[in-house]
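Working notes, structure below.
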Amino acid sequence: MAGEPQADCLFCKIVTGEVPATIVRETDTTVAFRDINPQAPTHVLVIPKVHYRDAADLAAGDPQAMADVLREAGEVAAQEKVDEHGYRIVFNTGAGAGQTVWHTHAHVLGGRGFNWPPG
Ligand code: AMP
Ligand code: ZN
């Protein structure tokens, strides 16, 4: 069923605590933890506790959870003090765009400058 935990999903296991992570914030509906391979001084992943494969699927299937993820991305940026200088929220969607984990996650990146267009 849509949103149900998936036995083979790494981020579902972070939600349950089966896989450890450096958690920086948690709410009833979301978990935020440090990326294991940081691409910026601040690199935190915000995930919904429900399992959807990407951002668009989450928005379609559980719009409140998507809103919660985005609100938490802002809270992480404030907590990490990267909000003043600007930060980036990234949802890689599809293998061709670099998605490797098929549980919706927002990358919150900050603490350095960012180019546009992105690489
Ligand atoms: P993406 O490539 O957009 O799907 O992002 C997946 C992200 O998850 C990558 O930036 C990885 O470094 C990160 N990642 C993979 N495994 C873990 C883990 N066990 N704990 C924290 N971050 C992870
Ligand atoms: Zn999952």
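Small disclaimer: the values here were computed from a predicted structure and weren't measured. Atoms within each ligand, like the ligands themselves, are counted from 1 in listed order.
- Atoms of ligand 1 found under 4.0 Å from any heavy atom of Asn92, numbered from 1 in the order shown, are 3 (O).
- For the pair Gln39 and ligand 1, no heavy-atom separation below 4.0 Å is found.
- Contact annotation: Ala21 has no heavy atom less than 4.0 Å from any atom of ligand 1.
- A chain of hydrophobic side-chain contacts below 4.5 Å, direct or via other Ile, Leu, Val, Met, Phe, Trp or Tyr residues, connects Val15 to Val101.
- The atoms of ligand 1 that sit less than 4.0 Å from any heavy atom of Asn37 are 12 (O).
- Counting heavy atoms closer than 4.0 Å to ligand 1, residue Phe11 contributes side-chain atoms (C-beta onward) but none from N, CA, C or O.
- With a 4.0 Å heavy-atom cut-off, ligand 1 is reached by the side chain of Leu10 but not by its N, CA, C or O.
- Taking the Zn ion (ligand 2) as the apex, the angle formed with ND1 of His103 and SG of Cys9 is 110°, to the nearest 10 degrees.
- Residue contact check: Arg34 has heavy atoms under 4.0 Å from atoms 21 (C) of ligand 1.
- The ligand atoms of ligand 1 that sit less than 4.0 angstrom from a heavy atom of His105 are 1 (P), 3 (O), 4 (O), 5 (O), 6 (C).
- Taking NE2 of His43 as the reference point, atom OH of Tyr87 lies at 14.5 Å (rounded to 0.5 Å).
- With salt bridges taken as basic N to acidic carboxylate O contacts below 4.0 Å, none links Arg25 and Glu80.
- Using modelled atom types, one side-chain atom of Lys49 and one backbone atom of Thr27 make a donor-acceptor pair closer than 3.5 Å.
- One hydrophobic cluster, built from ILVMFWY side chains closer than 4.5 Å, holds both Leu45 and Leu10.
- Considering only non-hydrogen atoms, atom 18 (C) of ligand 1 lies nearest to Ile36 out of Val101, Asp35, Ile36.
- Angle SG (Cys12) to the Zn ion (ligand 2) to ND1 (His51): 110°, rounded to 10°.
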